[in-house]
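What follows is a set of notes on a single structure, which appears directly below.
Index from 1, following the sequence.
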Amino acid sequence: MHLLDILKNPALVEAREVLENAKSVALTGAPSAVWGSATAALARGEKSRFALVVAPEGESVERVANDLCALLETEDDNRTRVLIFPIPERAGSEDVEGDRSATQERLAVLDALHGEVPVLVVSTANALAHPTLPAEELRHGYDEISKGQTLDRDTFLEHLSATGYERVETVEAPGQFAARGGVVDFFPPAAGEAIRLELWGDEVDSLRHFDVSTQRSTEKISGVRLTPPREVFLTPKRGADVAQQIEKLLDAQVHDLEMNGRGDAGEDLREKVARDIEKLRDGAYFPGILRYQSLLYPQRPTLLEHLPADALVIWADPSRVCTQIERLTDDDALVREAAESEGTVLRLPHAPLCSYDELRERAAKFSQVEFHVAPELAGDVSTHMSTHKVINLDVHIPQTFGGKLEQFLDFIRARQHKDEVTVLSTLHGRRVREILADGDIRHVHLLDAITEAQPGLVLIMPQRLSAGFCIQRAAQPPASSLQPLTVLTDTEMFGWQRMQMGGIVRSKKKKASTQKTSKARALTDLADLREGDYVVHINHGIARYAGVTRREVAGAISDYLLLEYEGTDRLYVPVGQLDRVQKYLGAGETAPPPLNSLRGK
């Protein structure tokens, strides 16, 4: 059985019916803990829907994406992908290319939206406000390559350069290509892996993935789709048109600077911008070309223009989304105005970012949902949805126990006494079942092992949600009223949590460390530890981990980490204080480290 089957929440059922009729819904009483579960329930149906969730900030995005992955992992034959749409990273200097990994992730998301596999995209408000490549130009940049086809090497290399791929000696990142005789390496952003193409004359003899870290070929493939590597597409004509516009803007700004006694600044600006004008006329890509994105694309296309017509757009806490975008656009305007008045950047006629009102206007053609935390709408907050229905989801946040197991067990007993269903979402199912058994809690089952959620059951869900919630669900006959469903996670049970992000499709970049090598690594999960591992307590130093034990302290029974120090010294650390313990690494050491003494010797 699936958690979404157990929900059977009348408010969510009604909301889905409204959305099927191409109308919009404002769901009140919907705290952030339920955003992921509600999104999965609304997008689920006979035919899975493409959906975009716009969250206020990065932490919310991570939590929603985590919950969607946890829920979709248990779906039979599920093909839906969860993707995060990041904020583009800008170049820090006019002469140095910025980190393009975020751009590659954005392009991979856009490409997925034009495929057949359903996609659930989660984006921050600020990421959505940044313009991207228009849909027609993304499709124009596609090129299908298959084994056995005829392909002229020089023409192919020219095509890679013309679409914005960077020629390098060795391909190490998306958006790059390299050529050695009849072998061409290239890394399309949407492919996920680099491609090695081998030619026999003018015929594609072989296509393989290869590992950019070892440069060794891996699996053979029959074909690949070449996708654009940048969020701008530059043709000679477009470059010449933009160069002409820039010249006029430059002349006007230099004149203004001269009139204000800033002639030197005007000459510096002219010299700097002249280099960009020359490159644009040549139709050449260069670091900093995104500064002119608003001239290249004055319509400022966004991810919304890439969504399928029947997609669902979800605004999670729209008032906070609005605040975040307004803050972003205001800060950007202040920085630009100051730089323009100093003559350090060219004054452009169009704002580079989209406002909240613009985004809501573009989203109006889609079915929309708004998640509001408050149980009632405050003020006229849903004016951007022309036809909508307000439904109270009536979700509540459960109490937290912080490792106080007797309180946790009393809570479960109370739920069972009321014939309510409780779902425990955890990656430590075995330990949780031991705790329940020690507390004489019966009717405990694995969620995916049952076919019907009978009253009073405690169900173990072996996927971890980011936070728990309480929600009403339709009662089974012969009951005549709604029954609450409580979902608890490790956060509520133990007071700590680690996000489970493995199912999210996104590239991971390596960052060089600027810190000195440490012999300890912060712990976020008991799964990181095995009995006998050496650890470092933040206050007491090096010890040996001896497992988890249960103790009664001041009348409360809780779980503790047992740490063994020098001699017979022992330290019991509450599970809720796991962040005070680090795993000892000691790279390259052959002998175990000496244990510290709790007596200070």
Checklist entry - Any chance CZ of R430 has more than 12 other-residue heavy atoms, nucleotides or ligands included, within less than 6.0 Å? => result no
Checklist entry - Crowded around R442 CZ? As in, over 12 foreign heavy atoms under 6.0 Å? => result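 Result for CZ/R442: open.
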Are the side chain of [X] and the backbone N or O of [Y] linked by a donor-acceptor pair below 3.5 Å?
X    : Y    : answer
R413 : G439 : yes
Q368 : V313 : no
R106 : I87  : no
D185 : E172 : no
Q215 : V171 : yes

Using the test side-chain contact (heavy atoms from CB on, under 4.5 Å), find all partners of [X] that sit at least two apart in sequence or belong to another chain.
X    : answer
T28  : H372, L377, V390, N392
D5   : M1, H2, R44
H209 : E193, I195, T218, E219, I221

Does the side chain of [X] reach to within under 4.5 Å of the side chain of [Y], using non-hydrogen atoms?
X    : Y    : value
V581 : Y545 : no
I84  : E62  : yes
L424 : F408 : yes
L3   : L465 : yes
L405 : F494 : yes
V321 : L128 : no
Y565 : H537 : yes
Y534 : L595 : yes

Qualifying residues under salt bridge (Lys or Arg N to Asp or Glu O under 4.0 Å), relative to [X], sequence neighbours excluded:
X    : answer
D211 : none
D569 : R599
R431 : E434, D559
E57  : R320

Item to check | Test side chain to side chain donor-acceptor pair (under 3.5 Å) applied to S217 and R196, step by step | outcome: CA-CA 7 Å; S217 299; R196 178 158 292 154; 3.2 Å; yes
Between [X] and [Y], what is the shortest heavy-atom contact and its length?
X    : Y    : value
Q472 : N9   : O-ND2, 2.6 Å
Y572 : P574 : O-CD, 3.8 Å
P189 : P174 : CA-CB, 4.1 Å
A546 : E564 : CB-OE2, 3.5 Å
A543 : L563 : CB-CB, 3.9 Å

Checklist outcome for this item: Rounding to 0.5 Å, atoms CD1 (I441) and CG (D410) come to a distance of 8.5 Å
Next on the checklist: Would you compute the distance between atom CG of L459 and atom CD1 of I450 and round it to the nearest 0.5 angstrom?
Outcome noted: 4.0 Å
Sequence-distant partners of [X], side chain to side chain donor-acceptor pair (under 3.5 Å), two or more places apart:
X    : value
T426 : D490
Q324 : none
T39  : none
N126 : none

Item to check | Intermediate values then yes/no, side chain to side chain donor-acceptor pair (under 3.5 Å), E492 and T489 | outcome: CA-CA 6 Å; E492 291 79 33; T489 70; 2.6 Å; yes
Checklist entry - Among V121, L113, L307, L120, which one satisfies side chain to side chain contact (heavy atoms under 4.5 Å, CB included) with F50? => result L113
Checklist entry - Who are the ring pair (Phe, Tyr, Trp, His ring centres under 6.0 Å) partners of F411, not counting sequence neighbours? => result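 Result, ring pair (Phe, Tyr, Trp, His ring centres under 6.0 Å) vs F411: F401.
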